[in-house]
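Residue numbers start from 1 in every chain, and the chains themselves are labelled A, B, ... in the order their sequence lines are given, proteins ahead of strands.
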Amino acid sequence: MGSVSEPLTFMMGKYPAVLPAELRYARNHMWCRAADGRARFGFSSYAVRLMQDVYFLDWQVNVGDVLEVKQSIGHIETSKAQSDLFAPIAGKLAVINEELLKDPSAINVDNHGTGWLFDMEHAEGGDAGTMSVQEYYQFLEANWENTQRILKGQI
Amino acid sequence: MSRHRLTVVISQAAGKHPVKRALEEALVAALIMESGLDVSVIPSLYDLSPDHTGRLFLESVHGDMVVLSWLFPRAAFWLLDRDGIKGHLGETLLKPAADDDDDDGEPEAPRGIGAVDVPERHIYCIDLRDAATHDPFIDEVRRIAAECRTRREEKDRAASKPMMVELGTSLTANGTNGTNGVIGEHAATMPTFTAEQLLQAPGRRWYPVIDYSRCTNCMECIDFCLFGVYGVDGLERIAVENQDNCKRGCPACSRVCPEQAIMFPDYKTPAIAGAPVGAIGSLKIDLTRLFGGEAKDAVAQAVAERDRELVADGRDAVGMSVGIAKRQADKPQGPKDDLDNLMDALDSMDL
């Protein structure tokens, strides 16, 4: 394990996706910041780079809903892509970032800060089901070649 | 030389999207300045019920028509066909601007059963999402107007005297054409509808639309749907018989259709909403599976959607036991195409 304070930078071709070390990461490419029994989620720089400019974000769930991991919770449309969105962990949806529903551009401008998506209360507590920055980096590395092939195949 | 007017219809977006409404208004303002056009605005085509004034108006138009809507042209064209507003598909040259890539997604030649009772006129469907400002649309409408005029003139030369045969009951004749004093061929036959009648807000609807240029009448949809949406008409052709039995948000029959002939024009996925078949290249990337979506094939997804609606109706889920064609089993194993390869690549990923 390397130093915890240094961010890791995953190179997506020429584009550097910076992964802050103090965050945890979910397999659906969201970062996770846990505090006081809650976890805040947002898109990792990797996800933002794949999507590019976000046009439209829509949630199909409400604050207070109890979500299962990988439950379908919403939809996003960007300049380059669209996707359904899924719950990164199991737990109760505590807060949704309402600002993004009016203007989702903060996802592109400040994905680790004002571009956060929602807070959840862990069903299992702690960091259950998320990865450290090193683990996420390895996850990205292991899948990068395949991801590229998929993207090129689709475009 | 024959003069005829081209009917231009703007089908509004459902809801009150300000950007869309602004484009609609700009278009109307520009189009009414053009000569030789009859311009009308109606609510979203998809939501029009059989007795809605907007649909009655469309039905009363017998000549060439341009329909600008927020739907894929294929969806709009077959939606009109379903509503009894038939014609030959006019080709629009306005295409989505976004795509820089090569245009190799040309759909293969249609091999479906086709439409019946198609009158000798053309209907052009234009997708209002294909440009951000009104100018390209105005240019395209002008081009179409010229094309229709030329086609009409050639036909007139071929058959020395064109005759308009009036079908249906007496309509309010309103024969004079303000700009040039010549009696317009449709102006004479058009009933008058007020703007209020035309724009009366319809309820939102949800139902499948069949593209008969692709439909082979295989009947898989009628076997699959357990809500009685499909039926057959007098010619034993598959038809959407009870469209309001359809379950809002459920596109399951579209997924099981082997020819991609079933469209849900309002569905979020372009392939189901009626995007050109084979033109996946011009569409946005779907990152769903990278972002944690389940790796379901289309049939499994359709079965899950159908079960959800059955349970919501207080019926029992049937899973794969009803209406699943065995075509997958006895289909000869052809070489893998791009989509197969893409799906294989996704399956092999650790998501």
Trainee: Verify the neighbour count for atom CG of B:Asp316: are there more than 12 heavy atoms of other residues, nucleotides or ligands below 6.0 Å?
Mentor: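 No - once you tally the heavy atoms of other residues, nucleotides and ligands closer than 6.0 Å, there are 12 at most.
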Trainee: CD of A:Glu68: more than 12 outside heavy atoms within 6.0 angstrom?
Mentor: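 It does not: A:Glu68 CD has 12 such atoms or fewer within range.
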Trainee: Would A:Met51 and B:Phe291 count as a side-chain contact (heavy atoms from CB on, under 4.5 Å) if you check the C-alpha gap in whole Å, the side-chain angles of each, and the deciding distance to 0.1 Å?
Mentor: CA-CA 11 Å; A:Met51 298 188 294; B:Phe291 283 178; 3.7 Å; yes
Trainee: With sequence neighbours left out, write down each residue that passes ring-ring contact (aromatic ring centres under 6.0 Å, His included) with A:Phe41, or none if nothing qualifies.
Mentor: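 If we apply the ring-ring contact (aromatic ring centres under 6.0 Å, His included) test to A:Phe41, skipping adjacent residues, the hits are A:Phe118.
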Trainee: Given heavy-atom pairs under 4.5 angstrom as the criterion, report whether the side chain, backbone, both or neither of A:Ala47 touches chain B.
Mentor: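 Interface part for A:Ala47: both.
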Trainee: Going by the rule side-chain contact (heavy atoms from CB on, under 4.5 Å), which residues pair with B:Ala317 if we only count those two or more places apart in sequence or in a different chain?
Mentor: B:Asp307, B:Val311
Trainee: Select, from A:Ile76, A:Asn28, A:Leu85, the one with the greatest count of heavy-atom pairs under 4.5 Å involving chain B.
Mentor: A:Asn28
Trainee: Compare every heavy atom of B:Leu287 with every heavy atom of A:Ala81, then report the nearest pair and how far apart it is.
Mentor: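 Scanning both residues completely, I find the closest heavy atoms to be CB-CD1, 3.6 Å.
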